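Here the structure is laid out as structure tokens; the discussion comes afterwards.
Atoms within a ligand are numbered from 1 in the order they appear, just like the ligands themselves. Model, not experiment: these values are computed from the prediction. Scope of the values below: all heavy atoms of this structure, side chains included, with no hydrogens, waters or symmetry mates.
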Amino acid sequence: MRTAVFGGSFDPPHNGHLALCLYARELAGVDRLIVSVSKNPFKAPTDASDDDRAAMARLLVAEINAAGKFAEMSDWELQQPGPSYTIDLLRHVAALHPGDDLVLLVGEDSYRQMPQWRESQAITKLCDIAVFGRSSGELATTSCGGTLPTAMLFDFDMPVSATEVRQLAAAGQPVSHLIPQSIAAYIESHGLYRA
Ligand code: ATP
């Protein structure tokens, strides 16, 4: 079984996350997807709480599974007492699913930071890495310092970020073109991201 791990703050989840997960199922041969909500130590007062991010990640998983169930949400990182690191999450998933091939899904911006991640060498031993482009044009494979690990590179172009969604929502602008309807409804009913 090929199990993918996709971590993020999901503050909020958006169409880029959704498309990336569906794309990974088809093109990276993923059988099972674990969507893991990470801690956000740099949380601004207007950012969503851990509970809200977990709830919205569950809604994202429901959207992913609408085309056939293969994703599950994990709040394991949120439950850890200290800071959460990708290597710890991968070891946790490897212990949960012994014998599975693991693949880590990351956007181009995260990939370029990987040399700075804790135990980045160990990460590459534990899993394959699938990188999804984040800017129009050529996939940037220059690191922010250090050597980038070998990875599968996917040409991908969904120019949306959670930052943009938060900013639009704070300005009272529509966001429904950038996020699934269920998540837009959650943001509206919980009054999230209002300045
Ligand atoms: P923020 O704008 O708050 O930094 P974000 O949009 O980058 O948030 P995260 O939850 O931090 O969203 O991202 C989780 C993972 O998804 C990261 O690996 C990130 O690179 C990737 N990702 C997010 N949006 C896109 C996108 N539009 N295209 C490709 N990868 C993406």
Side-chain angles (χ1 to χ4, degrees), residues 4-28 30 33-50 52-61 63-64 71 73-75 77-78 83-87 89-90 102-118 120 123 127-144 148-149 151-171 175 177-180 183-184 186-187 192-193:
V5 175
F6 183 48
S9 352
F10 300 114
D11 191 14
H14 53 64
N15 289 342
H17 298 130
L18 175 60
L20 184 156
C21 292
L22 297 175
Y23 201 91
R25 168 156 61 183
E26 300 308 320
L27 296 181
V30 171
L33 170 68
I34 296 175
V35 174
S36 176
V37 181
S38 59
K39 289 189 177 169
N40 181 7
F42 308 110
K43 185 179 171 313
T46 49
D47 290 349
S49 67
D50 288 356
D52 283 326
R53 291 187 301 112
M56 291 189 286
R58 279 192 195 90
L59 294 172
L60 172 69
V61 162
E63 299 281 347
I64 297 167
M73 178 270 185
S74 170
D75 61 0
E77 287 185 89
L78 293 179
S84 78
Y85 297 101
T86 300
I87 184 63
L89 173 65
L90 287 166
L102 300 186
V103 54
L104 180 67
L105 311 182
V106 289
E108 181 182 3
D109 55 319
S110 303
Y111 176 58
R112 295 175 68 220
Q113 291 164 357
M114 277 190 81
Q116 276 78 53
W117 288 10
R118 174 176 281 220
S120 58
I123 291 176
C127 64
D128 293 334
I129 298 164
V131 182
F132 296 80
R134 252 202 115 158
S135 50
S136 44
E138 199 129 308
L139 196 67
T141 50
T142 47
S143 90
C144 305
L148 285 169
M152 293 174 280
L153 305 177
F154 291 103
D155 192 10
F156 185 77
D157 185 15
M158 284 284 290
V160 48
S161 70
T163 303
E164 181 188 3
V165 176
R166 292 194 302 275
Q167 286 171 347
L168 286 172
V175 292
H177 57 302
L178 300 175
I179 58 179
I183 294 173
Y186 187 97
I187 290 172
L192 302 185
Y193 308 124

Atoms in ligand 1 flagged as close to G8, the criterion being non-hydrogen separation under 4.0 Å: 10 (O), 14 (C)

- prompt: What about G107: any of its N or O atoms under 3.5 Å from an N or O on ligand 1?
  reply: yes

statement: Ranked by distance from atom 27 (N) of ligand 1, the top protein heavy atom is M158 O, 2.6 Å

- request: Report the member of F154, F6, Y23 with the shortest heavy-atom distance to atom 15 (C) of ligand 1.
  value: F6

- prompt: For atom 12 (O) of ligand 1, what is the nearest protein heavy atom, given as residue, atom name and distance?
  reply: H17 NE2, 3.1 Å

query: Shortest non-hydrogen contact from P13 to P180?
result: O-CD, 4.4 Å

- prompt: Roughly how far, to the nearest 0.5 Å, is the CG atom of L22 from the CG atom of L33?
  reply: 9.0 Å

- line: The protein heavy atom nearest to atom 4 (O) of ligand 1 is T163 OG1, 3.9 Å

message: Using a plain distance cutoff, I'd like to know if V106 has any nitrogen or oxygen under 3.5 Å from a nitrogen or oxygen of ligand 1.
response: no

query: Going by the atom numbers of ligand 1, which of them fall below 4.0 Å from some non-hydrogen atom of F156?
result: 28 (N), 29 (C)

field: Side-chain (Y111) to main-chain (P149) donor-acceptor, under 3.5 angstrom
entry: yes

field: All side chain to side chain donor-acceptor pair (under 3.5 Å) counterparts of D128, not counting sequence neighbours
entry: R2

message: Quick one, I64 and V35 - any side-chain contact, counting heavy atoms below 4.5 Å?
response: yes

field: N15 versus I179, closest heavy-atom pair with distance
entry: OD1-C, 3.3 Å

- request: Measure the shortest side-chain to side-chain distance between V131 and M114 over non-hydrogen atoms and say whether it is less than 4.5 angstrom.
  value: no

task: Return yes when G7 approaches ligand 1 closer than 4.0 angstrom through a heavy atom, no otherwise.
output: yes

query: Is ligand 1 under 4.0 Å from a heavy atom in the side chain of D109, in the backbone, in both, or in neither?
result: side chain

- prompt: Under 4.0 angstrom from ligand 1, any heavy atom of Y111?
  reply: no

- request: Give yes or no for whether the N/O distance cutoff of 3.5 Å, strictly under, is met between S110 and ligand 1.
  value: yes

task: Can you pull out the closest protein heavy atom to atom 3 (O) of ligand 1? Residue, atom name and distance to 0.1 Å, please.
output: R166 NH1, 3.0 Å

task: Considering heavy atoms of the protein only, find what lies nearest to atom 29 (C) of ligand 1 and give residue, atom and distance to 0.1 Å.
output: R134 CG, 3.2 Å

task: Look at ligand 1 and say whether E164 reaches it with a heavy atom at a distance under 4.0 Å.
output: no

message: Measuring from non-hydrogen atoms of G133 to any atom of ligand 1, is the shortest distance under 4.0 Å?
response: yes

task: Could you check atom 8 (O) of ligand 1 against the protein and tell me its nearest heavy-atom contact, residue, atom and distance included?
output: A162 CB, 3.4 Å

field: Within-cut-off N or O pair, L20 and ligand 1, under 3.5 Å
entry: no

- request: Calculate, to the nearest 0.5 Å, the distance between atoms CG and CD1 belonging to L178 and I183 respectively.
  value: 12.0 Å

message: Could you tell me if the side chain of L20 sits less than 4.5 Å from the side chain of M158, heavy atoms only?
response: no

statement: Looking only at heavy atoms, the pair that brings F10 and M56 closest together is O-CE, 4.2 Å

- prompt: Taking distance alone, with no angle check, do F10 and ligand 1 share an N/O pair under 3.5 Å?
  reply: yes

statement: Ranked by distance from atom 11 (O) of ligand 1, the top protein heavy atom is S9 OG, 3.6 Å

